[in-house]
Amino acid sequence: MDSRQVETAISAMGDAIRHELQKSLGFSLRPVINATGVILHTNLGRAPLANSAVDNIQRTSEGYSNLELDLTSGDRGKRDVHVDRLFQKLFSTGTTGDGQSDRQLSTIVVNNNAAAVWLALNTLAARGEVIVSRGELVEIGGSFRIPDVMAQSNGILREVGTTNRTRIADYKNAINENTRILLRVHRSNFQITGFTEQPALEDLVALARERNLVVVEDLGSGAIFDLRTAGLAEESTVAESLRAGVDVVTYSGDKLLGGPQAGMLTGTAALIERMRKNSLFRALRVDKLTYAALEATLLAYVKGDYDAIPALRMMRTTRDQIGARAEAIAKQVRNSERLTAEVIDGQSVIGGGAAPSATLPTRLLALTAGRKSADSLMAHLRSQEPPIIARVQDGSILIDLRTVSPEHDALIITALQSVGRS
Ligand SMILES: *Cc1c(COP(=O)(O)O)cnc(C)c1O
């Protein structure tokens with residue numbers, strides 16, 4: 001090797017080292033473009049935050065904040081007050097005048113809904129029995145299974161009814177002096193259809209009142225906005241459960257609510273106070289970033305500014321709006337040799353614990369890349385900056401723009417125009 005060759009080798013090493021350094025000092029957790037059309041995609045971080053939520057995180061966390069300080073008295077305050085006042089506003093509207101709506105409600109926030117369910121059972125079951133329908137013993141992703149959470153919480157699971165049919169009499173017959181809770185669990189990721197029966201929430205509440213028990217409902221997704229107006233027939237809201245008289249409702253912050261990861265417990269103030277006093281509440285509480293994001297998200301609801309919340313905005317986008325964008329992209333990337341692109345009808349999935357049947361009609365960009373396999377086309381999309389995540393179906397790539405912000409359409413065009421070029 002002469003000195004010039006050595007120099008070349010060394011400078012190439014420099015490039016390799018620079019590349020390695022860039023990789024190791026770059027971020028591992030990065031933004032991606034969600035082109036799957038699954039609005040609440042757990043692998044992609046569930047609900048994107050509202051701009052106001054992101055701004056509020058920045059505003060309140062780059063310095064100090066009054067997280068636990070009452071600015072009027074100067075005394076120590078509670079971190080929940082910042083959001084409890086907004087939850088009270090959201091749930092006090094639409095009173096039915098049945099007397100139930102007059103009770104004092106309050107809300108506390110924990111790390112996620114799994115923690116909320118655990119805290120409710122641990123506090124209120126007190127080694128007593130919790131009655132659950134056999135049709136509601138759900139598993140939400142491997143680590144959250146109602147029987148296991150029950151075992152960890154010191155509640156004793158008492159199954160009633162059958163997989164497809166449970167009647168109010170089944171609950172009635174199972175009640176004994178050790179019973180503490182009637183638990184209702186939302187069937188977040190499966191459906192039971194056909195010959196089925198499930199008592200109305202109101203009937204469970206009436207039975208609980210008569211026998212001096214409490215009704216806890218794991219609502220899972222926790223819609224605050226009535227999604228029936230967006231064409232989703234089956235999602236009931238947190239307010240409806242509270243109006244039906246449920247004592248404690250638990251739900252996630254980053255599912256249909258469209259906020260940060262969190263678990264809410266909303267219910268009768270005296271019961272919520274007992275949970276706050278549970279010695280493990282502190283181990284489950286959330287930090288200032290979560291409160292900042294949650295408060296801003298709830299404020300958007302209070303102001304009726306639903307389109308500020310990305311998950312809601314995506315749900316309210318029409319099939320025609322999505323179709324027009326898909327057609328515009330197809331026109332620009334279509335290339336008879338390297339890429340075929342057509343726009344077809346399809347369904348967007350809500351995901352994240354909305355009923356599995358909860359889908360919205362959409363228009364999909366369907367792509368095939370000549371002799372390239374769908375998997376290699378997917379790999380090409382994932383290698384973009386930011387990576388683009390799409391669906392594969394029957395050998396085609398499907399792009400659903402419902403979950404793509406319109407300003408990212410240009411990035412998708414660039415990525416697709418470069419298919420097969422290298
Ligand atoms: C999603 C879900 C959970 C778990 O909620 P996390 O916020 O993910 O902890 C529990 N129960 C039901 C019914 C759910 O849908």
Side-chain angles (χ1 to χ4, degrees), residues 38-49 83 87 107-122 124-125 130 132-153 155 157 166 181-192 198 201 204 215-224 227 232 234-238 240-241 246 248-267 275 280-281 283-287 289-291 293-294 297-298 311 349-359:
V38 181
I39 297 174
L40 302 164
H41 198 306
T42 299
N43 298 2
L44 304 182
R46 288 198 185 152
L49 291 179
V83 293
F87 280 116
T107 301
I108 52 174
V109 185
V110 290
N111 180 57
N112 55 17
N113 185 36
V117 174
W118 180 89
L119 184 64
L121 296 176
N122 182 261
L124 303 176
V130 181
V132 192
S133 160
R134 289 197 169 89
E136 298 172 17
L137 293 173
V138 308
E139 168 175 323
I140 312 285
S143 55
F144 184 91
R145 307 173 103 189
I146 288 291
D148 298 348
V149 174
M150 189 78 72
Q152 290 294 330
S153 74
L157 174 62
T166 304
I181 298 175
L182 307 184
L183 177 66
R184 165 67 65 98
V185 184
H186 188 264
R187 289 176 192 147
S188 288
N189 49 9
F190 68 105
Q191 264 173 302
I192 297 181
Q198 188 185 36
L201 262 185
L204 275 188
V215 177
V216 172
E217 183 179 24
D218 172 9
L219 198 49
S221 219
I224 290 188
L227 293 163
L232 293 176
E234 289 161 53
E235 267 337 290
S236 62
T237 63
V238 178
E240 280 165 339
S241 290
V246 172
V248 175
V249 185
T250 76
Y251 49 101
S252 295
D254 53 357
K255 291 183 176 175
L256 288 175
L257 194 151
Q261 179 189 307
M264 264 59 74
L265 296 121
T266 300
M275 311 216 212
L280 274 160
F281 173 57
L284 305 175
R285 76 181 187 183
V286 298
D287 74 338
L289 308 188
T290 303
Y291 279 106
L294 192 56
T297 308
L298 295 173
V349 175
I350 307 301
S357 59
T359 58

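Side-chain atoms are counted along with the backbone in the values below, which use heavy atoms only and exclude waters and symmetry mates. Atoms within a ligand are numbered from 1 in the order they appear, just like the ligands themselves.
If you run side chain to side chain contact (heavy atoms under 4.5 Å, CB included) between Met264 and each of Leu219, Val110, Asn112, Leu294, only Leu294 comes through. The side chain to side chain contact (heavy atoms under 4.5 Å, CB included) with Leu119 is formed by just one residue from the set Thr250, Ile108, Leu124; it is Ile108.
The two residues Ser236 and Ala223 come nearest to each other via the heavy atoms O-CB, 4.0 Å.
At least one heavy atom of Ile140 sits less than 4.0 Å from an atom of ligand 1. Residue contacts with ligand 1: Glu139 is excluded, as none of its non-hydrogen atoms falls under 4.0 Å.
Each of the following atoms of ligand 1 lies closer than 4.0 Å to a heavy atom of Phe144: 10 (C), 11 (N). When each atom of ligand 1 is checked for a heavy atom of His186 under 4.0 Å away, the hits are 13 (C). Here is the list of ligand 1 atoms found below 4.0 Å of a heavy atom in Arg46: 6 (P), 7 (O), 8 (O). Contact atoms of ligand 1 toward Ser252: 5 (O), 6 (P), 7 (O) (distance under 4.0 Å to a heavy atom of the residue).
Within the model, atoms CE of Met150 and CG of Asn122 stand 12.0 Å from one another, a figure rounded to the nearest 0.5 Å. Between the CG atom of Leu257 and the CG atom of Leu40 there is a distance of 10.5 Å, given to the nearest 0.5 Å.
With hydrogens and angles ignored, the 3.5 Å screen pairs a side-chain donor or acceptor of Gln261 with a backbone N or O of Asn111. Checked by atom type and distance alone, the side chain of Glu240 pairs as donor or acceptor with a backbone atom of Thr237 at under 3.5 Å. A donor-acceptor contact shorter than 3.5 Å links the side chain of Asp287 to the backbone of Thr290.
Distances between N or O atoms of Val117 and those of ligand 1 include no value under 3.5 Å. Residue contacts with ligand 1: Asp218 is placed with a nitrogen or oxygen under 3.5 Å of a nitrogen or oxygen of the ligand (distance criterion only).
With a 4.0 Å cut-off on non-hydrogen atoms, Asn113 touches ligand 1 through its backbone as well as its side chain. Counting heavy atoms closer than 4.0 Å to ligand 1, residue Arg184 contributes nothing at all. Counting heavy atoms under 4.0 Å from ligand 1, residue Lys255 touches it through the side chain alone.
The nearest non-hydrogen atom to atom 13 (C) of ligand 1, considering only Ser188, Ala116, Ser221, comes from Ser188.
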